[in-house]
Structure formats: structure tokens, C-alpha cells
Amino acid sequence: MKKVFVKSYGCQMNVYDAERMADVLATEGYSETKAMEEADLVILNTCHIREKAAEKVYSELGRVREMKQEREASGLETKIVVAGCVAQAEGKEILRRQPAVDVVVGPQNYHNLPALLRKSQAERIVDTEFPVEDKFDHLPAPAKAKIQSRGVSAFLTIQEGCDKFCTFCVVPYTRGAEVSRPVSRILDEAMRLADAGVRELTLIGQNVNAYHREGPDGSVWSLGRLLRRLAEVPGIARLRYTTSHPRDMDDELIEAHGGLPALMPYLHLPVQSGSDRILDAMNRKHTGDEYRQLIARIRKLQPDIALSSDFIVGFPGETDQDFEDTMRLVADIGFAMSYSFKYSPRPGTPAAEIADQVPEAVKAERLARLQNLLETQRQAFNHGTVGQTLDVLLEKPGRHPGQIAGKSPYLQPVQFESDQHRIGEIVAVRIVRAGSNSLFGEWIKPGDKVAA
Ligand code: SAH
Ligand code: SF4
Ligand code: F3S
């Protein structure tokens with residue numbers, strides 16, 4: 001049997017896509033391997049979001065090429081495929097920079113992989129068209145055993161692409177225009193996953209809350225409506241969605257946070273900056289105060305919600321005052337978790353053309369200050385759960401023998417001792433300690449007295 005090794009960079013969409021590629025290649029007789037050296041086919045599933053991420057691909061390709069040569073010396077053939085957003089953005093340039101690459105394939109063309117591999121016997125090949133047909137109609141469903149091997153928490157793509165055109169971002173160019181998948185397809189996929197034991201679905205999309213597509217009743221469904229329907233799928237206990245844009249939080253979705261128990265009290269809602277001037281220059285189309293008001297509305301319905309965000313520091317023209325506005329917004333809101341980055345100019349995006357770029361040293365200093373504050377908030381949030389009893393969805397054996405590990409509703413990893421529970425169960429666990437990345441808890445046997 002031929003073996004394929006897939007390495008993904010970047011966002012959850014790439015993780016999901018890697019699984020779809022493995023599924024389509026399974027129909028061609030490929031099994032997955034975690035060891036690159038034994039792979040007949042190596043796929044790098046790349047990310048173009050920041051310069052560092054994109055450049056990493058070329059250094060990694062250098063290593064893959066060496067391995068290809070070593071295997072060749074022992075008479076084994078290796079195909080190298082570059083997929084993902086760098087493939088889409090750079091296309092032929094990748095073939096030029098790395099002669100060992102056989103196929104370059106963009107995110108909308110993974111269903112063509114078998115044909116591309118066949119063609120690559122004769123010539124090196126690039127496929128970065130935006131096809132008219134929907135790739136999801138051509139990607140096979142994974143086998144039940146495959147779903148089971150991937151765990152009880154699964155990603156499900158409901159939307160792809162982005163029409164927002166934030167001035168710093170490559171995604172609208174690499175993933176194309178916003179397309180929502182039909183409700184019936186999403187339900188089919190959800191039921192198949194649930195049938196194989198999946199308990200938690202994370203609905204993903206570059207702009208997931210812009211979801212809109214006709215439902216079985218003929219009307220157009222929003223994300224809020226879709227979530228309500230998915231909550232009825234037998235077996236599905238938890239729902240999450242990511243990544244959202246503040247402009248697309250409509251009433252139905254906000255209300256779901258108050259009235260839909262399966263929707264976990266965690267929301268990743270990137271704000272990027274707290275300065276109105278910078279938000280405008282980023283083309284985010286909302287102000288810092290509008291974000292504050294939105295969060296206040298959501299918290300009114302779901303006071304326990306844990307918030308998470310992305311931030312960019314050093315966007316062109318960002319002054320000390322703009323940065324202080326970001327620090328103030330962070331202090332005002334309080335985030336349980338965050339991702340923060342130095343602005344990285346990306347070819348072809350409007351912000352890269354702005355003359356007033358912020359010096360690297362200033363970016364580094366601002367990032368350090370922001371990360372310090374965000375880390376303090378994260379620790380405070382985690383410590384705040386000590387003493388609480390949280391429902392934990394069990395995902396895998398823990399780090400030490402006898403331990404079992406899962407996630408809290410707030411997406412925190414939790415470990416506790418148990419020999420009685422199975423993966424996929426949801427167990428009430430009393431949190432006794434917060435480590436730097438995980439929480440530690442104890443299981444309260446029904447009938448046991450909880451120490452005060
Ligand atoms: N669709 C998501 C974000 C996708 S990219 C959204 O709208 O929030 C993930 C994060 O990468 C972004 O939220 C942003 O914080 C960061 N990012 C995107 N482009 C960047 C750039 N040019 N430089 C630095 N960070 C960037
Ligand atoms: Fe990029 Fe903005 Fe679209 Fe998010 S909303 S993917 S940051 S353009
Ligand atoms: Fe990266 Fe593409 Fe995702 S650029 S963040 S892999 S959409």
C-alpha cells in the first residue's frame with residue numbers, strides 16, 4: 001500500500017482540508033503515515049498569512065527534497081505536493097524555487113488530486129483555478145473507522161472564502177469569494193460524524209458567521225438557525241464555531257448564545273485593534289466602542305462566556321496613542337485567550353503599499369507589552385475556574401498513566417485521574433489547580449460529598 005504524509009500549517013481550515021485530502025487519496029489506495037521518510041507522497045499544506053509562515057515552506061521543502069533524494073538512491077519514488085494558501089498565492093513560482101516539487105494545488109482543487117498525481121508522471125503541474133463546480137460535491141466522505149481515529153471533536157467546514165478585504169489580509173485572494181455550503185450537506189456530514197461517535201462539532205469558515213444558505217424549508221438560514229438545527233443531531237453535545245467577524249454577529253446568533261445549551265460559552269471574535277483610526281485603515285468597518293457594545297449584549301445573555309481574539313500590532317501608521325487604545329480595549333473586555341501578531345506586509349494587499357510602515361523594534365516592543373497583558377488575563381481566567389465544577393468532554397488518555405484528558409466548555413485542557421470513564425463521555429469535574437496550560441481536576445463520584 002502506498003503511503004501519504006500530510007503536514008499542515010496555518011488555520012483549522014487547513015487541518016480540515018488535510019483530512020479531506022487524505023480521504024480522497026484513500027480511494028486511490030494511499031494510507032496515512034506520520035513518518036515522512038516512509039511516504040511515497042508528501043503534501044505540505046501551507047499558510048500564506050504572514051511572511052514567516054510563507055517562508056517556512058521553502059525551508060521545509062529543502063528538507064523534503066533531501067529525503068526524496070535519499071529515497072531515490074534506494075530505488076524509491078517520492079512525489080512532493082504543495083497545497084494550501086502559498087500554493088494558491090505563488091503557483092508556478094514554487095516550481096521555479098524548488099525543482100523537487102511535482103504538483104502545486106490550490107485549496108479549491110483538492111478533489112483533482114488523483115488526476116493531478118497521474119498527470120505529474122509526465123510533467124510538473126500547477127492547479128490554482130477557481131473551478132465552477134463545488135469541490136465538496138467531489139470529495140468523498142471518510143470511512144467510519146477513519147472518523148473514529150480522528151477523535152470525538154471534529155471540524156466541519158460550512159463556509160469558505162472571504163469578501164471582507166481587510167487591508168492587511170491575503171485570505172480573500174487565497175481562498176476566494178465567500179461560499180456557504182447547503183444546509184442539507186452540512187446536516188449529512190454532521191450525522192455521519194455523530195454516527196461514528198463525534199460529540200463536539202466546531203463549524204469552521206474564514207468568516208463563519210457570514211454563513212447564509214437555503215435550508216430544507218426553502219428560506220435562507222443564518223448561522224444561528226443552523227446551530228439550532230445541529231443541536232438536534234443525536235449524539236452531538238457541543239457546538240462551537242470559528243472564525244467570526246464582529247460585523248456579522250446578527251440577532252439570531254447572539255440569541256443562540258443565550259438560549260442554546262449545546263453552544264459552548266466560548267467565542268473567538270477577532271477585533272485586531274482598539275484604535276478607531278486603525279480599525280478604519282484596516283477596513284474592519286466597526287469602531288472599538290461598537291465592539292464593546294456587542295460584547296456587552298452577548299454577555300448579558302451569556303454572562304459566563306469566555307472571549308478570545310486576534311490582534312495585530314504595528315499596522316502601518318499605528319501611533320503610540322493607537323496602541324494604547326488597543327491596550328485599553330483589552331483591559332476593558334478581558335480575554336480568556338488570544339493570538340497576537342506583528343503586522344507583516346503581504347504582497348498584493350493594500351496595507352503593504354502604505355508608506356508609513358512601523359519600525360520592527362517598535363512592533364516588537366508593542367507586541368511584548370500586549371502579550372504580557374493578554375497572558376495575565378489568560379492566567380486570571382484559568383485560575384478563576386479553580387473550585388468550579390466544569391463539564392469535561394473526554395478526548396484522550398492523559399499525560400500520566402491513570403489520567404484522562406479532555407476540554408472544559410471554555411476550551412481549556414483538563415486532566416484528572418479516572419479508570420472508569422471512556423473517551424467521548426462528558427463528566428463533571430471539580431477543578432483543583434490551574435497549571436500554565438492545563439487545568440487539573442478531580443472527578444466527583446455521584447453521592448460523594450464535595451469538600452467545601
Ligand atoms: N478570518 C479571520 C482571520 C483569519 S487570519 C478574521 O477575520 O478574524 C488569522 C489572523 O491572522 C487574523 O485575525 C489577524 O490577526 C492575523 N493576520 C492576518 N493578516 C496578517 C498580517 N498581514 N500580518 C499580521 N497578522 C495578520
Ligand atoms: Fe482576512 Fe478580514 Fe477576511 Fe478575516 S475578515 S479573512 S482578516 S479579510
Ligand atoms: Fe493561512 Fe490560508 Fe488559513 S493563509 S490562516 S491557511 S486561510
Side-chain angles (χ1 to χ4, degrees), residues 6-18 21 44-57 82-90 106-108 110 128 155 157 159-179 204-211 241-249 267-274 278-279 281-286 291 307-316 318 326 335 337-354 357-358 360 363-364 366-367 370-371 374:
V6 193
K7 180 162 182 182
S8 281
Y9 304 82
C11 62
Q12 289 99 333
M13 187 74 80
N14 267 5
V15 176
Y16 179 87
D17 287 348
M21 285 191 262
L44 297 189
N45 193 19
T46 61
C47 174
H48 201 244
I49 203 79
R50 285 167 290 274
E51 190 182 355
K52 238 200 226 150
E55 281 304 312
K56 205 154 58 187
V57 175
V82 179
C85 290
V86 178
Q88 188 62 44
E90 298 191 358
Q108 301 313 321
Y110 297 151
T128 52
F155 291 133
T157 294
Q159 179 280 338
E160 196 170 354
C162 181
D163 296 342
K164 290 280 189 290
F165 290 94
C166 301
T167 55
F168 51 82
C169 183
V170 293
V171 171
Y173 312 97
T174 62
R175 294 277 170 170
E178 271 174 19
V179 179
I204 58 173
Q206 266 83 37
N207 215 339
V208 74
N209 57 344
Y211 180 87
Y241 62 93
T242 198
T243 297
S244 308
H245 194 292
R247 292 269 302 175
D248 292 321
M249 292 299 297
L267 175 61
H268 182 63
L269 193 63
V271 65
Q272 314 295 356
S273 166
I278 295 297
L279 285 167
M282 287 174 163
N283 193 31
R284 294 289 290 184
K285 297 202 168 80
H286 65 80
Y291 185 85
L307 294 164
S308 139
S309 175
D310 296 341
F311 296 91
I312 295 178
V313 300
F315 184 84
E318 187 187 74
T326 300
F335 291 95
M337 175 74 202
S338 284
Y339 304 87
S340 45
F341 314 97
K342 287 190 270 188
Y343 169 70
S344 167
R346 305 306 291 129
T349 59
E353 307 299 320
I354 303 174
Q357 298 288 325
V358 174
E360 199 49 37
K363 286 188 202 171
R366 287 180 188 164
L367 186 68
L370 176 63
Q371 289 189 335
L374 291 169

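For ligands, and for the atoms within them, numbers begin at 1 and follow the listed sequence. Computed over heavy atoms, backbone and side chain alike; hydrogens, waters and symmetry mates excluded.
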(request) Report the part of Gln206 in contact with ligand 1, treating N, CA, C, O as backbone and CB onward as side chain, heavy atoms under 4.0 Å; options are side chain, backbone, both, neither. (result)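 Under 4.0 Å from ligand 1, Gln206 contributes backbone atoms alone.
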(request) Just let me know how Lys164 lines up against ligand 1, side chain, backbone, both or neither, with a heavy-atom cut-off below 4.0 Å. (result)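 Neither part.
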Nearest to [atom], what protein heavy atom do you find, and at what distance?
atom: atom 24 (C) of ligand 1; answer: Lys342 O, 3.3 Å
atom: atom 8 (O) of ligand 1; answer: Pro270 CG, 3.1 Å
atom: atom 7 (O) of ligand 1; answer: Arg284 NH1, 3.7 Å
atom: atom 3 (Fe) of ligand 2; answer: Cys162 SG, 2.2 Å
atom: atom 6 (S) of ligand 3; answer: Asn14 ND2, 3.3 Å
atom: atom 22 (N) of ligand 1; answer: Ser344 O, 2.8 Å
atom: atom 1 (Fe) of ligand 2; answer: Cys169 SG, 2.3 Å
atom: atom 19 (N) of ligand 1; answer: Phe168 CD1, 3.3 Å
atom: atom 5 (S) of ligand 1; answer: Ile49 CD1, 3.4 Å
atom: atom 2 (Fe) of ligand 3; answer: Cys85 SG, 2.2 Å
atom: atom 14 (C) of ligand 1; answer: Gln272 OE1, 3.4 Å
atom: atom 2 (C) of ligand 1; answer: Thr243 CG2, 3.6 Å
atom: atom 1 (Fe) of ligand 3; answer: Cys47 SG, 2.3 Å

Are [X] and [Y] side-chain neighbours, meaning at least one heavy-atom pair lies under 4.5 Å?
X: Asn45; Y: Tyr9; result: no
X: Cys85; Y: Arg175; result: yes
X: Tyr343; Y: Val313; result: no

Working to the nearest 0.5 Å, report the span between [atom1] of [X] and [atom2] of [Y].
X: Ile49; Y: Phe168; atom1: CD1; atom2: CZ; value: 8.0 Å
X: Ile312; Y: Leu367; atom1: CD1; atom2: CG; value: 11.0 Å
X: Gln206; Y: Gln159; atom1: CD; atom2: CD; value: 6.5 Å

(message) Against the six-membered ring of Phe341, is Arg50 placed for a cation-pi contact (under 6.0 Å from the centre, within 45° of the normal)?
(response)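 Yes, a cation-pi geometry holds between Arg50 and Phe341.
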(request) Verify, without hydrogens or angle tests, whether Ser244 (side chain) and Asn209 (backbone) share a donor-acceptor contact under 3.5 angstrom. (result)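 No: the side chain of Ser244 does not pair with the backbone of Asn209.
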(message) Under 4.0 Å, heavy-atom basis, I'd like to know which part of Arg175 is in contact with ligand 3: side chain, backbone, both or neither.
(response)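 The answer is the side chain.
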Flag [X] as yes when one of its N or O atoms lies below 3.5 Å from any N or O atom of ligand 1, and as no otherwise.
X: Asp310; result: yes
X: Cys169; result: no
X: Arg50; result: yes

(message) More than 12 heavy atoms of other residues, nucleotides or ligands under 6.0 Å from CD of Glu51: yes or no?
(response)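 For Glu51, atom CD is not crowded (no more than 12 foreign heavy atoms under 6.0 Å).
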(message) Looking at Phe165, I want to see if its CZ is surrounded by more than 12 non-hydrogen atoms of other residues, nucleotides or ligands under 6.0 Å.
(response)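 Yes.
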Heavy-atom contacts with [X] under 4.0 Å: which atoms of ligand 2 show up? List them by number with element.
X: Lys164; answer: 3 (Fe), 5 (S)
X: His245; answer: 5 (S)
X: Arg284; answer: 2 (Fe), 7 (S)
X: Cys166; answer: 2 (Fe), 5 (S), 7 (S), 8 (S)
X: Phe168; answer: 7 (S)
X: Phe165; answer: 8 (S)

(message) side chain to side chain donor-acceptor pair (under 3.5 Å), that's the test. Do Gln108 and Gln88 meet it? Break it down for me.
(response) CA-CA 9 Å; Gln108 301 313 321; Gln88 188 62 44; over 6 Å; no
(message) Using a 4.0 Å heavy-atom cut-off, which part of Pro172 comes near ligand 2: side chain, backbone, both, or neither?
(response)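 It is the side chain that touches ligand 2; the backbone stays farther off.
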(request) Taking only heavy atoms of Gln206 into account, list the atoms of ligand 3 that are under 4.0 Å away from them. (result)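 By the 4.0 Å cutoff, the relevant atoms are 7 (S).
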(request) Show which atoms of ligand 3 fall inside a sub-4.0 Å distance from at least one heavy-atom site of Cys11. (result)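 Near Cys11, meaning under 4.0 Å from one of its heavy atoms, ligand 3 has 3 (Fe), 5 (S), 6 (S), 7 (S).
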(message) I'd like to know if Asp248 pairs up with Lys285 as an ion pair, taking the criterion as any Lys NZ or Arg NE/NH1/NH2 lying under 4.0 Å from an Asp or Glu carboxylate oxygen.
(response)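 Answer for the salt bridge query: no.
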(message) Looking at Arg366 and Glu318, is any side-chain nitrogen of the basic one under 4.0 Å from a carboxylate oxygen of the acidic one?
(response)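 Yes, Glu318 and Arg366 are salt-bridged.
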(message) Please determine whether any non-hydrogen atom of His48 lies less than 4.0 Å from an atom of ligand 3.
(response)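 A heavy atom of His48 does come that close to ligand 3.
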(message) Using side chain to side chain donor-acceptor pair (under 3.5 Å), reason through Glu178 and Asn207 one step at a time and then give a plain yes or no.
(response) CA-CA 8 Å; Glu178 271 174 19; Asn207 215 339; 3.3 Å; yes
